[in-house]
S.K.: 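Here it is, the structure, as structure tokens.
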Amino acid sequence: MTIQIGDRIPTTTFVKATESGPEQVSSDEFFAGRKVALFSVPGAFTPTCSARHLPGYVEKADALKAKGVDEIACTAVNDAFVMGAWAKSADAGDVTMLSDGNGAFAKAVGLEFDGSKFGMGTRGQRYAMLVNDGVVEQLHVEAPGEFKVSSAEHMLENL
């Protein structure tokens, strides 16, 4: 079942890409007591994700924070080393990279998809959500092949 507005984020573990290396963080801890704009991409370094999705959140980081967002985070079913390399290559210092390497979070929120026909295995769908103290306040899930409602611009318009 897909997570809905008003639902609490399920308890899972991410691996956060940091300057000093991978660091495990529970979802309960990460989302506690603050407002987080979380967006999910099917994969780091993939075309739309690299050309539009991540850059949009990097460009709009100050505007999002001015509207009350405490942290901007990106998740993907990639390992923390890939997420860290992607952040460096995109100069995405304002975005926290959360590796969901085994897809546990994507599955827990019901937003996984089978990318096997593209050689990608199980991945997370493209979406964005606003999470306030662990509770989903906004949820914007893209239709397959689309990039509209999960963009930084759309998130900003809805704050």
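Numbers for residues simply follow the sequence, beginning at 1. Below, each value reflects all heavy atoms present in this structure, side chains not excepted, and no hydrogens, waters or symmetry copies.
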S.K.: To the nearest 0.5 Å, what is the distance between NE2 on H154 and NZ on K60?
M.R.: 14.0 Å
S.K.: Evaluate the side-chain proximity of R126 to P42: yes if any heavy-atom separation is below 4.5 Å, no if none is.
M.R.: yes
S.K.: Could you tell me whether Q24 atom CD has more than 12 heavy atoms of other residues or ligands within 6.0 Å of it?
M.R.: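 No, CD of Q24 has 12 or fewer neighbouring heavy atoms, counting only those of other groups under 6.0 Å.
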S.K.: CE of M155 to CD1 of I72: how many Å apart, nearest 0.5 Å?
M.R.: 9.5 Å
S.K.: Within a strict 4.5 Å, meaning less than it, do heavy atoms of the I9 and M129 side chains meet?
M.R.: yes
S.K.: How far does CG of D70 sit from NZ of K65, to the nearest 0.5 angstrom?
M.R.: 9.0 Å
S.K.: Can you tell me which residue among V36, N132, L64 is in a side-chain contact (heavy atoms from CB on, under 4.5 Å) with V69?
M.R.: L64
S.K.: Do you know the tightest heavy-atom contact between T11 and S27?
M.R.: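 That closest heavy-atom pairing would be CA-OG, 3.3 Å.
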S.K.: Between the side chain of S40 and the main-chain N/O of Q125, is any donor-acceptor distance below 3.5 Å?
M.R.: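 Answer holds: yes.
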S.K.: Is it possible for you to say whether V25 and V109 belong to one hydrophobic cluster, with membership spreading through side-chain heavy-atom contacts below 4.5 Å?
M.R.: yes
S.K.: Taking all atoms of both residues into account, what is the closest heavy-atom pair of A104 and T12, and its distance?
M.R.: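 Looks like O-CG2, 4.0 Å.
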S.K.: How about D114 and S116: does a side-chain donor come under 3.5 Å of a side-chain acceptor?
M.R.: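 Yes - a donor-acceptor pair under 3.5 Å links their side chains.
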S.K.: Run the numbers on T2 and L111 for side chain to side chain contact (heavy atoms under 4.5 Å, CB included), then give the verdict.
M.R.: CA-CA 6 Å; T2 304; L111 290 168; 3.6 Å; yes
S.K.: Of all the heavy-atom pairs spanning P22 and V15, show the shortest one and how long it is.
M.R.: CB-CG1, 3.5 Å
S.K.: Measure from the side-chain N and O atoms of D100 to the backbone N and O of G124, and report whether any donor-acceptor pair falls under 3.5 Å.
M.R.: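 Side chain of D100 to backbone of G124, a donor-acceptor pair under 3.5 Å: no, none is there.
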S.K.: What's the shortest heavy-atom distance between N78 and G43, and which atoms?
M.R.: OD1-CA, 3.4 Å
S.K.: Can you name the salt bridge (Lys or Arg N to Asp or Glu O under 4.0 Å) partners of E23, sequence neighbours left out?
M.R.: K16
S.K.: Taking the side chain as everything from C-beta on, heavy atoms only, tell me whether V95 gets closer than 4.5 Å to V58.
M.R.: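 V95 reaches V58 side chain to side chain.
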S.K.: Would you call the rings of F31 and F105 parallel, tilted or perpendicular, taking 30° and 60° as the class edges?
M.R.: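 Because their plane-to-plane angle is under 30°, the rings of F31 and F105 count as parallel.
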S.K.: Does a side chain donor of either E71 or T96 reach within less than 3.5 Å of an acceptor in the other side chain?
M.R.: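 T96 and E71 do have a side-chain donor-acceptor pair below 3.5 Å.
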S.K.: Is the CG atom of D133 crowded by more than 12 outside heavy atoms at less than 6.0 Å?
M.R.: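 Enclosed: over 12 neighbouring heavy atoms sit under 6.0 Å from CG of D133.
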S.K.: Starting at NZ of K88, measure out to CE of M97 and round the result to the nearest 0.5 Å.
M.R.: 12.0 Å
S.K.: Nearest 0.5 Å, please: how far is NZ in K67 from CG in N158?
M.R.: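 Rounded to the nearest 0.5 Å, the CG-NZ separation comes to 9.5 Å.
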S.K.: Less than 4.5 Å apart, any side-chain heavy atom of D7 and any of V135?
M.R.: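 No. Closest side-chain heavy atoms not under 4.5 Å.
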S.K.: What distance do L98 atom CG and L38 atom CG have between them, rounded to the nearest 0.5 Å?
M.R.: 6.5 Å
S.K.: Report the relative orientation of the aromatic rings in Y57 and F39; use parallel for angles under 30°, tilted for 30 to 60°, perpendicular for over 60°.
M.R.: parallel
S.K.: With heavy-atom distances below 4.5 Å as the criterion, would you say the side chains of S89 and F45 are in contact?
M.R.: yes
S.K.: Do L54 and V41 have side chains that approach each other closer than 4.5 Å (heavy atoms only, starting at C-beta)?
M.R.: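 No, side chains not in contact.
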S.K.: Could you check if a side-chain atom of R123 sits within less than 4.5 angstrom of a side-chain atom of E112, using non-hydrogen atoms only?
M.R.: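 Sidechains of E112 and R123: no contact.
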S.K.: In this structure, would L130 and V136 fall into the same cluster of hydrophobic residues linked by side-chain contacts under 4.5 Å?
M.R.: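 Cluster IDs for L130 and V136 differ.
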S.K.: Taking D79 for the side chain and F81 for the main chain, is one N or O donor matched with an acceptor at less than 3.5 Å?
M.R.: yes
S.K.: Within the 4.5 Å heavy-atom criterion, are S151 and H53 side-chain neighbours or not?
M.R.: no
S.K.: Counting only heavy atoms not in K107 (residues, nucleotides, ligands), do more than 12 fall under 6.0 Å from its NZ?
M.R.: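 It does not: K107 NZ has 12 such atoms or fewer within range.
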S.K.: Walk me through it: do Y127 and H140 pass the test ring pair (Phe, Tyr, Trp, His ring centres under 6.0 Å)?
M.R.: CA-CA 5 Å; Y127 65 84; H140 309 285; over 10 Å; no
S.K.: What pair of heavy atoms forms the shortest contact from A17 to A80, and how long is it?
M.R.: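 Taking A17 first and A80 second, the nearest heavy atoms are CB-O, 3.6 Å.
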S.K.: If you count every heavy atom of other residues, nucleotides or ligands that lies below 6.0 Å from D91 atom CG, does the total exceed 12?
M.R.: no
S.K.: With sequence neighbours excluded, tell me which residues meet salt bridge (Lys or Arg N to Asp or Glu O under 4.0 Å) with K148.
M.R.: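 E146.
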S.K.: State, to 0.1 Å, how close C74 and M83 come at their nearest heavy-atom pair, and which atoms those are.
M.R.: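 Heavy atoms only, the tightest pair is O-CE, 3.7 Å.
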